[in-house]
*Asks:* 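Before I ask anything, here is the structure I am working with.
Note that this is a predicted model, so its numbers are computed, not measured.
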Amino acid sequence: MDAATDGARPGTDEDSPAHVTTTTRTLDVPGARLCYDVRGHGPLLLMIGSPMGSRGFTALATLLAADFTVVSYDPRGILRSTLSDPDQPAPPELVADDVRRLIAELDAGPAHVFGNSGGATTGLALLARHPDAVRSLVAHEPPVTELLPDARQVRAAIDDLCEDYTAGRRDVALRKYSALSGVGFASPPPAGQASTRALYTPPKDVRAILDRFFGRILQPTTRYRPDLDALRTASVPVVVAGGTTSRGQLYHRTAAALAELLDTPLAAFPAGHTGFQEHPEPFADLLREAFAPHRQTRMERNGTQLPGQPPVGAHTEPLDH
């Protein structure tokens, strides 16, 4: 494995009052060069999105940088992470192998992992394939649609809208996707209103992300079936989470289906599919609790046992040394 760190550059999160320092590095993996950002100090916490890249986690990462070494990255083929073959699909198993190489390069694992959307599916594949790389996992609204009772219909709908997008009917595909999933796409800020650099993606980058998403990511991601046996027998905590305002939407349904199959409660996190952008502070508080299972958390005090953990009151060794 060749690490390309000669391009590392420090910076600050301009939208954060704390001006947390961010260091940007790259890592060569088979078929791609990954670009990733490092903030803070402490146990390793990896944030994974798909198709969302590192920028979308800025507010959340900044809040958690006082407690963790927070690493976020652009998945292969997204924004700053480049591909040798732009037409290569991105199944969760391949992306999980990228993440495992990133954790090994950081030499600070195993990692706490927070995955959102397709990044949550990556986290599930990472735990199943490379359990030694994971210290704990929070999977927020993973789009594991094959677990649903109407999986066949959802699969057909996704195939249909992807065909629309590939055929140039992009607006039709976007409307169909939003109707199916409940997830919309952010519009540029109104004329005269300043954009938030951490969250607003320039139109040319949005087009590139959507091309990659509908062409190479959405179908293999939603066709992924989690290795339930591997997840059930994992020796690390697994928290499956859904948004408080996304109940009934497709990816809240998939999260609930996964939680039921793992015989674990579905944790409620603030707001919707990207609630960490809407309400980063309470979201960060819940992640701190989820990643500190050796301490009695608010969820436990309220009578909810953390998935993968002994009953409240049982002896358990600290995970952070």
Side-chain angles (χ1 to χ4, degrees), residues 1 3 5 8 20 22-27 29 32 34-50 52-54 56-58 60-76 81 92-140 142 226-227 230-231 234-241 267 269 276 283-284 286-295 306-309 317-321:
M1 179 188 315
T5 56
V20 172
T22 303
T23 301
T24 300
R25 301 189 178 98
T26 58
L27 171 67
V29 299
L34 306 179
C35 188
Y36 63 98
D37 300 314
V38 183
R39 302 172 174 88
H41 302 280
L44 180 61
L45 166 55
L46 187 62
M47 295 184 174
I48 312 173
S50 180
M52 190 183 72
S54 178
F57 290 113
T58 298
L60 184 63
T62 300
L63 288 168
L64 292 170
D67 305 293
F68 301 92
T69 298
V70 184
V71 176
S72 54
Y73 86 120
D74 295 340
R76 57 169 55 218
S81 291
E93 297 91 341
L94 176 63
V95 182
D97 289 350
D98 287 345
V99 174
R100 192 269 303 170
R101 290 183 172 93
L102 177 56
I103 293 171
E105 170 64 20
L106 293 163
D107 195 25
H112 298 294
V113 177
F114 167 61
N116 176 70
S117 192
T121 304
T122 301
L124 296 171
L126 175 68
L127 179 55
R129 293 168 67 83
H130 309 289
D132 292 344
V134 181
R135 179 173 293 193
S136 58
L137 170 64
V138 174
H140 184 260
D227 186 338
L231 297 175
S235 60
V236 301
V238 178
V239 176
V240 183
F269 274 56
F276 52 90
F283 209 101
L286 285 175
L287 285 180
R288 288 188 188 95
E289 293 187 0
F291 293 139
H294 59 284
R295 294 197 296 265
L306 278 174
Q309 291 302 295
E317 293 297 324
L319 291 181
D320 296 330
H321 298 287

*Asks:* What are the two closest heavy atoms between D97 and H130, and how far apart are they?
*Replies:* OD1-NE2, 2.7 Å
*Asks:* I would like to know whether V134 and L126 meet side chain to side chain contact (heavy atoms under 4.5 Å, CB included); could you show each step before the answer?
*Replies:* CA-CA 8 Å; V134 181; L126 175 68; 3.7 Å; yes
*Asks:* If you compare all heavy atoms of A120 against all heavy atoms of G115, which two are closest, and at what distance to 0.1 Å?
*Replies:* CB-O, 3.2 Å
*Asks:* Answer yes or no: is there a side-chain heavy-atom contact under 4.5 Å between P43 and R135?
*Replies:* yes
*Asks:* For L44, enumerate each residue passing the side-chain contact (heavy atoms from CB on, under 4.5 Å) test, keeping only those at least two apart in sequence or located in another chain.
*Replies:* T69, V71, I103, L106, A108, A111
*Asks:* Is there a donor-acceptor pair under 3.5 Å between the side chain of S81 and the backbone N or O of C35?
*Replies:* yes
*Asks:* Evaluate the ring planes of F68 and F291, with Trp represented by its six-membered ring, and classify them as parallel (under 30°), tilted (30 to 60°) or perpendicular (over 60°).
*Replies:* perpendicular
*Asks:* Run the side-chain contact (heavy atoms from CB on, under 4.5 Å) test against M47 and tell me which residues pass, sequence neighbours left out.
*Replies:* L45, F57, L60, A61, L64, V70, S72, F114
*Asks:* Roughly how far, to the nearest 0.5 Å, is CG of D37 from OG1 of T58?
*Replies:* 7.5 Å
*Asks:* Do V138 and L287 have side chains that approach each other closer than 4.5 Å (heavy atoms only, starting at C-beta)?
*Replies:* yes
*Asks:* Looking only at side chains, do D74 and S54 share a donor and an acceptor under 3.5 Å apart?
*Replies:* no
*Asks:* Hey, does S50 have a side-chain heavy atom less than 4.5 Å from the side chain of V95?
*Replies:* no
*Asks:* Can you tell me how far CD of E105 sits from OG1 of T26, rounded to the nearest 0.5 angstrom?
*Replies:* 9.5 Å
*Asks:* What's the separation between atom CG in L127 and atom CG in D132, rounded to the nearest 0.5 Å?
*Replies:* 10.0 Å
*Asks:* For a 4.5 angstrom cut-off between non-hydrogen side-chain atoms, does T22 reach R39?
*Replies:* yes
*Asks:* Search all heavy atoms of F283 against all heavy atoms of F276 and return the closest pair with its distance.
*Replies:* CD1-N, 3.5 Å
*Asks:* Quick one: do L94 and R76 satisfy side chain to side chain contact (heavy atoms under 4.5 Å, CB included)? Show the steps, please.
*Replies:* CA-CA 10 Å; L94 176 63; R76 57 169 55 218; 3.7 Å; yes
*Asks:* Step by step, work out the side chain to side chain contact (heavy atoms under 4.5 Å, CB included) result for Y73 and V99.
*Replies:* CA-CA 9 Å; Y73 86 120; V99 174; 3.5 Å; yes
*Asks:* When rounded to the nearest 0.5 angstrom, what is the spacing between CG in D67 and CZ in R288?
*Replies:* 5.0 Å
*Asks:* Between CD of E93 and CG of D98, what distance do you get to the nearest 0.5 Å?
*Replies:* 12.0 Å
